[in-house]
Protein chains: 2
Amino acid sequence: MPETTPALLPRDTVLTVRDTCLCLATQRAARRLARRFDAALRPFGLTNGQFSLMVALNRPEPPPMGRLAPFLGMEPSTLTAAVKPLARRGLLAVEPDPEDLRSRRLRITPEGVALMRGAVAVWRGAHAALEAELGAGTPDALRRGLAEIG
Amino acid sequence: MPETTPALLPRDTVLTVRDTCLCLATQRAARRLARRFDAALRPFGLTNGQFSLMVALNRPEPPPMGRLAPFLGMEPSTLTAAVKPLARRGLLAVEPDPEDLRSRRLRITPEGVALMRGAVAVWRGAHAALEAELGAGTPDALRRGLAEIG
DNA sequence: GCATTTTAGTTTGATACCAAAGTAACTGTG
DNA sequence: CACAGTTACTTTGGTATCAAACTAAAATGC
């Protein structure tokens with residue numbers, strides 16, 4: 001009797017992956033949350049990712065890209081691309097660091113601050129609504145757990 | 001004295017968003033996990049998302065796309081695009097459902113099963129390594145919390 | 001049975017994301 | 001002060017993701 005390739009993998013293997021994979025669970029939640037916050041922020045012409053980036057710029061010293069990328073969990077090349085539309089709209093300015101000409105600092109502009117004033121208010125509402133939908137300890141448990149991955 | 005636009009938003013506002021936003025925390029972790037699993041699965045030519053999709057096909061009845069999209073937390077249009085490279089490689093087949101000609105079922109092929117055999121083994125190792133890096137109750141806490149968002 | 005509505009999926013156009021390779025500036029060593 | 005190595009970012013090419021508009025089939029209503 002010849003060896004035959006089973007038509008499928010073992011059933012329990014599949015269930016294990018499906019029910020335990022933290023990567024899948026995170027991607028799925030990330031897609032859902034992205035759509036949700038993208039929708040809330042649409043009136044400002046900002047995506048959730050653009051909002052997070054703009055928030056990160058809101059500090060006295062404009063941070064260099066090299067610090068922002070790890071903060072956002074993204075690769076430098078992704079940040080380079082993400083900056084472009086925001087710079088084009090005048091919401092942030094890219095400034096070479098005089099101390100190190102390789103480094104570029106991202107400074108939020110007054111237009112950016114003005115836009116973010118409204119966006120932050122909307123974020124507050126959207127986030128409160130989200131937390132209200134989750135169980136009592138869930139938001140904190142998620143924040144703690146997700147921070148461990150970072 | 002004229003009204004002036006402050007140069008920045010209030011500092012605590014920014015800190016609140018930065019430290020509590022579940023959307024940001026999830027996107028950040030999702031990026032990091034995606035890179036990690038993409039790297040582990042690279043020998044099979046699969047991304048983490050392709051792996052998850054292939055796993056979901058591993059059931060006696062090939063599931064219709066309409067069930068897969070919610071399972072993966074993605075929009076139907078994204079699933080349509082995701083199917084193409086896998087179908088091109090012969091890892092899955094798109095079959096119109098005879099009962100409902102609008103619906104398309106995705107069937108994993110023997111080639112797909114063969115590839116996934118190795119990929120699942122690698123996933124097991126990668127996932128065990130990830131869990132080992134996290135605190136004792138963290139993986140379960142994350143699974144529970146992320147499932148609430150789904 | 002035919003028109004309307006709903007449902008399943010696709011297409012299009014735009015942004016997001018990454019790896020790999022490239023450029024330019026800094027650093028350290030001899 | 002060269003020059004080798006490193007660091008900061010960019011470019012390129014490819015996939016991922018979505019919203020909005022579209023197509024086609026099924027279900028509903030009359």
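To find a chain, count down the sequence lines: A is the first, B the second, and so on, and within it residues start at 1.
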Which of these, A:Leu86, A:Thr47, A:Asn48, sits in a side chain to side chain contact (heavy atoms under 4.5 Å, CB included) with A:Leu53?
-> A:Leu86
Sole residue of B:Val14, B:Leu15, B:Val17 in side chain to side chain contact (heavy atoms under 4.5 Å, CB included) with A:Asn58 | B:Val14
Whole angstroms only, please: what is the [atom1]-[atom2] distance between [X] and [N]?
X	N	atom1	atom2	value
A:Arg31	D:dA19	CZ	P	13 Å
A:Leu41	D:dA19	CG	C1'	16 Å
B:Phe51	D:dA16	CZ	P	15 Å
B:Gln50	C:dC18	CD	P	16 Å
A:Phe37	D:dT17	CZ	C1'	18 Å
A:Arg35	D:dA16	CZ	P	16 Å
B:Arg28	C:dC17	CZ	P	13 Å
A:Asp38	C:dA14	CG	P	17 Å

Pair B:Glu133 + B:Arg36, salt bridge at N-O below 4.0 Å | yes
Any idea how A:His127 and A:Phe37 line up, ring-wise: parallel (<30°), tilted (30 to 60°), or perpendicular (>60°)?
-> tilted
Nearest to the side chain of A:Thr47, which nucleotide is it out of D:dA16, C:dA16, C:dA19?
-> C:dA16
In terms of heavy-atom contacts, does CD of B:Glu99 have more than 12 from other residues, nucleotides or ligands at under 6.0 Å?
-> no
Within-4.5 Å side-chain heavy-atom neighbours: A:Val120 and A:Phe44 | no
Sorted by number, residues from residues 65-95 of chain A placing a heavy atom under 4.0 Å from DNA chain D are A:Met65, A:Gly66, A:Pro76, A:Ser77, A:Thr80, A:Lys84
Go through residues 101-108 of chain B and report each residue with a non-hydrogen atom lying under 4.0 Å from DNA chain D, sorted by number.
-> B:Leu101, B:Arg102
Residues in side chain to side chain donor-acceptor pair (under 3.5 Å) with A:Arg143, at least two apart?
-> A:Glu131, A:Asp140
Those residues at least two apart in sequence (or on a different chain) that pass side chain to side chain donor-acceptor pair (under 3.5 Å) with B:Asp100 are B:Arg102
Between the main-chain N or O of B:Gly45 and the side-chain N or O of B:Arg89, is there a donor-acceptor pair closer than 3.5 Å?
-> yes
Is there a donor-acceptor pair under 3.5 Å between the side chain of B:Arg28 and the backbone N or O of A:Phe71?
-> yes
Identify each donor-acceptor pair in which a side-chain atom of residues 73-81 of chain A lies under 3.5 Å from a protein atom, sequence neighbours left out, and give them as a table.
{"unit_1": "A:Glu75", "atom_1": "OE2", "unit_2": "B:Arg35", "atom_2": "NE", "d": "3.0"}
{"unit_1": "A:Thr80", "atom_1": "OG1", "unit_2": "A:Pro76", "atom_2": "O", "d": "3.2"}

Nearest nucleotide by nearest heavy atom, which residue falls closer to the 5' end of DNA chain C, A:Asp100 or A:Gly49?
-> A:Gly49
Show each protein N/O and nucleotides 2-4 of chain D N/O combination with a separation under 3.5 Å, one pair to a line.
none

